[in-house]
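Notes follow once the structure below has been shown.
Because only heavy atoms are used, hydrogens play no part in the values below, and waters and symmetry mates are left out as well, while side chains stay in.
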Amino acid sequence: MASIVHQARDPESKRNTVIRKDEEWEEYIVQFFDDGEYLNLSDYHTSHWEDAHATAMLFLKVGA
């Protein structure tokens with residue numbers, strides 16, 4: 001399994017994100033959670049850290 005490299009949470013919106021790094025595929029995977037529910041169909045894959053981080057932070061901001 002890909003290892004966790006970053007986690008963030010917005011207590012107001014009850015949304016959180018997890019960014020994992022898959023070394024085999026050389027990509028980041030952003031996972032989204034809304035009020036504790038894992039939105040598995042929304043996983044976002046990218047090879048760029050900046051893209052992964054910006055996507056994760058946008059999800060938190062939109063939920064606020």
Side-chain angles (χ1 to χ4, degrees):
M1 167 142 270
S3 60
I4 295 174
V5 294
H6 183 77
Q7 294 182 9
R9 185 175 198 290
D10 180 346
E12 186 176 319
S13 68
K14 297 184 180 175
R15 287 182 165 195
N16 62 305
T17 57
V18 173
I19 302 175
R20 296 180 179 271
K21 174 74 186 261
D22 186 327
E23 297 293 340
E24 181 180 348
W25 289 92
E26 297 181 9
E27 70 176 3
Y28 295 94
I29 305 155
V30 183
Q31 297 176 310
F32 305 96
F33 298 82
D34 191 0
D35 198 17
E37 180 182 350
Y38 173 41
L39 307 175
N40 64 317
L41 296 178
S42 299
D43 283 0
Y44 181 71
H45 300 253
T46 181
S47 58
H48 301 282
W49 163 252
E50 294 84 5
D51 184 23
H53 189 262
T55 300
M57 295 302 103
L58 181 61
F59 176 75
L60 296 179
K61 185 176 183 180
V62 170

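Going from atom CZ of Arg15 over to atom CG of Asp35 covers 10.5 Å, rounded to the nearest 0.5 Å. Taken to the nearest 0.5 Å, the CD1 atom of Ile4 stands 4.0 Å off from the CZ atom of Arg20. Separating the CZ atom in Phe33 from the CG atom in Asn40 is a distance of 9.5 Å, to the nearest 0.5 Å. One finds the CE atom of Met57 at 4.5 Å from the OG1 atom of Thr17 (value rounded to the nearest 0.5 Å). One distance of note links OG of Ser3 with CD of Glu23; it measures 6.0 Å at 0.5 Å rounding.
Counting heavy atoms of neighbouring residues, nucleotides and ligands inside a 6.0 Å radius, atom NE2 of His45 exceeds 12 of them. A 6.0 Å sphere centred on CH2 of Trp49 holds more than 12 heavy atoms belonging to other residues, nucleotides or ligands.
Side-chain contact annotation: Tyr44 with Asp51, donor-acceptor N/O pair under 3.5 Å present. Using a 3.5 Å distance cut-off with no hydrogens or angles, the side chains of Tyr38 and Asp43 do pair a donor with an acceptor.
Note on Val5: it clusters hydrophobically with Phe59, by side-chain heavy-atom contacts below 4.5 Å among ILVMFWY residues.
Nearest heavy-atom pair across Leu60 and Ser13 is O-OG, 4.1 Å.
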Inset, instruction - Could you go through the side-chain contact (heavy atoms from CB on, under 4.5 Å) check for Tyr28 and His48 one step at a time? - result: CA-CA 7 Å; Tyr28 295 94; His48 301 282; 5.9 Å; no

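Between Ile29 and Asp22 there is a side-chain heavy-atom pair separated by less than 4.5 Å.
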